[in-house]
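Below is one structure, written out as structure tokens; the observations come after it.
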Amino acid sequence: VPGYGDSPPVEMAVTAQGRMTFLDHVLRELGMQRPVLVSPSMSGRFALPFLMAHGDRLAGFVPIAPVGTKDYTAEQYRQVQTPTLILYGDRDTGLAPQALQNLQHLPEHRGTVLLGAGHACYLDKPKEFHQALLGFLRQLK
């Protein structure tokens, strides 16, 4: 995620609009049409603004305890029709419950809890993570 970890800061990443525009630019440059957007943790600051503005351009959305879910209202979530797989580890007692509380307002969602996994559930339980992700991808149109 630009501006986080060891990545250089990106000026446009300061605002939600800028982060949405940045992600839009990346997807266009890559020539991606109707991708499935996987959004763990800090990437939620990019993925959620994009989902709200352009969810119809996504084939699916896979939030993994993303940050920023409280920035949107239940009504805003209810407007999004993107098929969503909410994934989280049962040992992520910090971010996952808050994210789930907000994301459950997405009308086309289903959730999967990875038992024995923490915040980075895809690292803690990679086999179970990939099984859930592949199952979700197979059922997309």
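Shortest non-hydrogen contact noted between S39 and F61 is CB-CE1, 3.8 Å. Here the shortest heavy-atom pairing between Q17 and M20 reads NE2-CE, 3.1 Å. Residues Q98 and T69 come closest through the heavy atom pair O-OG1, 3.8 Å. Across all non-hydrogen atoms, the minimal contact from G44 to P49 is O-CD, 3.6 Å. Among all heavy-atom pairs drawn from G89 and A96, the shortest one is O-CB, 4.4 Å. Shown here for L140 and A59, the closest heavy-atom pair between the two residues is CD2-O, 3.5 Å.
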With side-chain contact (heavy atoms from CB on, under 4.5 Å) as the test, would you mind laying out the steps for F50 and L58 before giving the verdict? CA-CA 9 Å; F50 188 88; L58 297 173; 3.7 Å; yes
Worked verdict on H130 versus K125 for side-chain contact (heavy atoms from CB on, under 4.5 Å): CA-CA 9 Å; H130 286 99; K125 297 289 183 174; over 6 Å; no
Kindly determine whether V62 and L37 satisfy side-chain contact (heavy atoms from CB on, under 4.5 Å), including the steps that lead there. CA-CA 6 Å; V62 183; L37 186 57; over 6 Å; no
Evaluate the side-chain contact (heavy atoms from CB on, under 4.5 Å) criterion for residues R19 and L23: first the C-alpha distance (whole Å), next the side-chain angles of each, then the deciding distance (0.1 Å), finally the verdict. CA-CA 6 Å; R19 291 186 296 269; L23 183 54; over 6 Å; no
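Annotation: side chain of Y88 is not in contact with side chain of L114 (no heavy-atom distance under 4.5 Å). Looking at N102 and Y72, their side chains never come closer than 4.5 Å, going by heavy atoms from C-beta outward. Using a 4.5 Å heavy-atom threshold, the side chains of H119 and L95 count as touching. Side-chain contact between L85 and H109: absent, with no pair of heavy atoms (C-beta onward) separated by less than 4.5 Å.
Taking CZ of R110 as the reference point, atom CG of L87 lies at 9.0 Å (rounded to 0.5 Å). Note that CD of Q139 and CG of L134 are 12.0 Å apart. Values are rounded to the nearest 0.5 Å. Taking CG from L27 and CZ from R34, the interatomic distance works out to 12.5 Å, rounded to the nearest 0.5 Å. Rounded to the nearest 0.5 angstrom, L115 CG and R91 CZ are separated by 9.0 Å.
One hydrophobic cluster, built from ILVMFWY side chains closer than 4.5 Å, cannot hold both L103 and V38; they sit in different ones. No continuous path of hydrophobic side-chain contacts links I64 to L51 [ILVMFWY only; heavy atoms under 4.5 Å]. Both L48 and I86 sit in one connected hydrophobic cluster of ILVMFWY residues. Membership requires side-chain heavy atoms under 4.5 Å apart, directly or through other members. Hydrophobic clustering (side-chain heavy atoms under 4.5 Å, transitive across Ile, Leu, Val, Met, Phe, Trp, Tyr) groups L106 together with F46. When the side chains of ILVMFWY residues are joined at heavy-atom separations under 4.5 Å, either directly or via intervening members, F136 and V113 end up in two distinct hydrophobic clusters.
Using a distance-only test at 3.5 Å, with no hydrogens or angles considered, a donor-acceptor pair links the side chain of T84 to the main chain of T82. The backbone N or O of L133 sits nowhere less than 3.5 Å from a side-chain atom of R138 that would complete a donor-acceptor pair. Q79 places no side-chain N or O within donor-acceptor distance of the main-chain N or O of Q76, the cut-off being under 3.5 Å. Between the side chain of D90 and the backbone N or O of G116 there is at least one donor-acceptor pair closer than 3.5 Å.
Ionic pairing of D71 and R45 is present here: one or more N-O contacts between side-chain nitrogen and carboxylate oxygen are shorter than 4.0 angstrom.
For E75, the CD atom counts as densely surrounded, since its 6.0 Å shell holds more than 12 non-hydrogen atoms of other residues, nucleotides or ligands. For CZ of R57, the number of neighbouring non-hydrogen atoms (other residues, nucleotides, ligands) closer than 6.0 Å is greater than 12.
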